[in-house]
Amino acid sequence: MSRLKISSGIAAATLMLFAVPMSAYALVENPSSTMSQTPPSVIVFNQKPKDGQINVTYAFMPSAGHFVIYGSNGSGKANDSIVGSVKLDAGAHNDFSVKLDKDLPAGTSLWASLTNSDKQPFWKKSLPLQNEFLIK
């Protein structure tokens, strides 16, 4: 009788040893599904271009596409003129540069945007206000 209890105890312990880690593994999300759910985001600060380039602190691309810098109209709102862009893979990007197509005077408002591989913006409406930055 004690042998049966010991065998049952060993079987239960073995099951727990393997079942608990397996169930915990099932709770971990698939990293690629998390990436597709993470919203596009940009961090870029007011700055003076260095060697005709703007430094971008951070960008998250839900899928491959382009980081695009748009010019602005007389009132500082984004317009359709692209003044710089760079192709990016999906995922997080830290401290990268974007070459400007032309020299821009201090005080110029620029707008950062992220587009998919079809060059369609991830933001369906207007660009978020925090995507604006100034040339110093």
Side-chain angles (χ1 to χ4, degrees):
M1 177 93 175
S2 65
R3 271 190 146 169
L4 182 58
K5 286 184 180 179
I6 292 173
S7 295
S8 297
I10 291 173
T14 303
L15 181 61
M16 288 297 291
L17 181 67
F18 291 105
V20 170
M22 290 173 84
S23 62
Y25 178 77
L27 294 175
V28 176
E29 290 185 41
N30 179 350
S32 62
S33 70
T34 302
M35 187 175 348
S36 65
Q37 295 172 1
T38 303
S41 56
V42 170
I43 299 173
V44 61
F45 295 102
N46 297 346
Q47 60 190 282
K48 182 176 181 176
K50 293 179 185 161
D51 299 322
Q53 297 185 7
I54 293 295
N55 183 62
V56 179
T57 303
Y58 175 81
F60 182 84
M61 301 286 291
S63 62
H66 293 83
F67 181 95
V68 181
I69 299 174
Y70 289 98
S72 60
N73 61 23
S75 62
K77 298 294 180 196
N79 62 23
D80 292 337
S81 67
I82 296 174
V83 296
S85 73
V86 64
K87 187 175 182 177
L88 295 176
D89 292 329
H93 303 273
N94 297 301
D95 296 318
F96 62 94
S97 295
V98 180
K99 176 108 173 102
L100 295 175
D101 295 338
K102 58 185 175 181
D103 289 332
L104 298 166
T108 301
S109 289
L110 298 177
W111 292 81
S113 182
L114 302 174
T115 63
N116 62 24
S117 56
D118 295 328
K119 298 189 179 178
Q120 298 299 312
F122 285 111
W123 293 282
K124 300 299 180 202
K125 297 180 182 179
S126 62
L127 291 173
L129 292 177
Q130 59 268 35
N131 289 20
E132 180 185 19
F133 65 100
L134 298 172
I135 296 293
K136 287 186 175 182

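The chain is numbered in sequence order, starting from 1.
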Atom of [X], atom of [Y] and distance for their closest heavy-atom approach:
{"X": "Phe60", "Y": "Pro39", "result": "CD2-O, 3.5 Å"}
{"X": "Lys77", "Y": "Trp111", "result": "C-NE1, 3.7 Å"}
{"X": "Ser72", "Y": "Ser109", "result": "OG-O, 2.8 Å"}
{"X": "Ser63", "Y": "Asn116", "result": "OG-CB, 4.3 Å"}
{"X": "Ala90", "Y": "Pro62", "result": "CB-O, 4.1 Å"}

**Message:** For residues 78-87, which residue pairs pass the side-chain hydrogen bond (donor to acceptor under 3.5 Å, both in side chains) check, not counting sequence neighbours?
**Reply:**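 Qualifying pairs, neighbours excluded: Asn79-Ser81.
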**Asked** Any ring pair (Phe, Tyr, Trp, His ring centres under 6.0 Å) pairs touching residues 74-94, not counting sequence neighbours?
**Response**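 As it turns out, there is no ring pair (Phe, Tyr, Trp, His ring centres under 6.0 Å) pair with a partner in residues 74-94 once direct neighbours are skipped.
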**Prompt:** When rounded to the nearest 0.5 angstrom, what distance separates CD1 in Ile82 from CD1 in Ile69?
**Reply:**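 If I round to the nearest 0.5 Å, the distance is 10.5 Å.
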**Request:** Any chance you could measure Leu88, atom CG, to Leu114, atom CG, to the nearest 0.5 Å?
**Result:**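 One gets 7.5 Å once the value is rounded to the nearest 0.5 Å.
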**Request:** Kindly indicate, with the supporting measurements, whether the criterion side chain to side chain contact (heavy atoms under 4.5 Å, CB included) is fulfilled by Asp89 and Met61.
**Result:** CA-CA 7 Å; Asp89 292 329; Met61 301 286 291; over 6 Å; no
**Message:** Using the side chain to side chain contact (heavy atoms under 4.5 Å, CB included) criterion, which residues pair with Ser117? Sequence neighbours excluded.
**Reply:**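 Applying side chain to side chain contact (heavy atoms under 4.5 Å, CB included) to Ser117 gives none.
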**Asked** With sequence neighbours excluded, what pairs up with Asn94 under the side chain to side chain contact (heavy atoms under 4.5 Å, CB included) test?
**Response**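 Per chain and number, Asn94 pairs via side chain to side chain contact (heavy atoms under 4.5 Å, CB included) with Tyr58.
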**Item:** Those residues that, when tested against Phe96, pass ring pair (Phe, Tyr, Trp, His ring centres under 6.0 Å) (two or more places apart)
**Value:**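 Phe96 satisfies ring pair (Phe, Tyr, Trp, His ring centres under 6.0 Å) with Phe67 once adjacent residues are dropped.
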Side-chain donor-acceptor distances from residues 42-53 under 3.5 Å, at least two apart:
residue	atom	partner	partner atom	Å
Asn46	OD1	Leu134	N	2.8
Gln47	OE1	Asn55	N	2.8
Gln47	NE2	Phe45	O	2.9
Gln47	NE2	Asn55	O	2.9
Gln53	OE1	Ser97	OG	3.4

**Request:** In sequence, state the C-alpha distance, the side-chain angles, and the governing distance for Ile135 and Ile54, and then conclude on side chain to side chain contact (heavy atoms under 4.5 Å, CB included).
**Result:** CA-CA 9 Å; Ile135 296 293; Ile54 293 295; 3.8 Å; yes
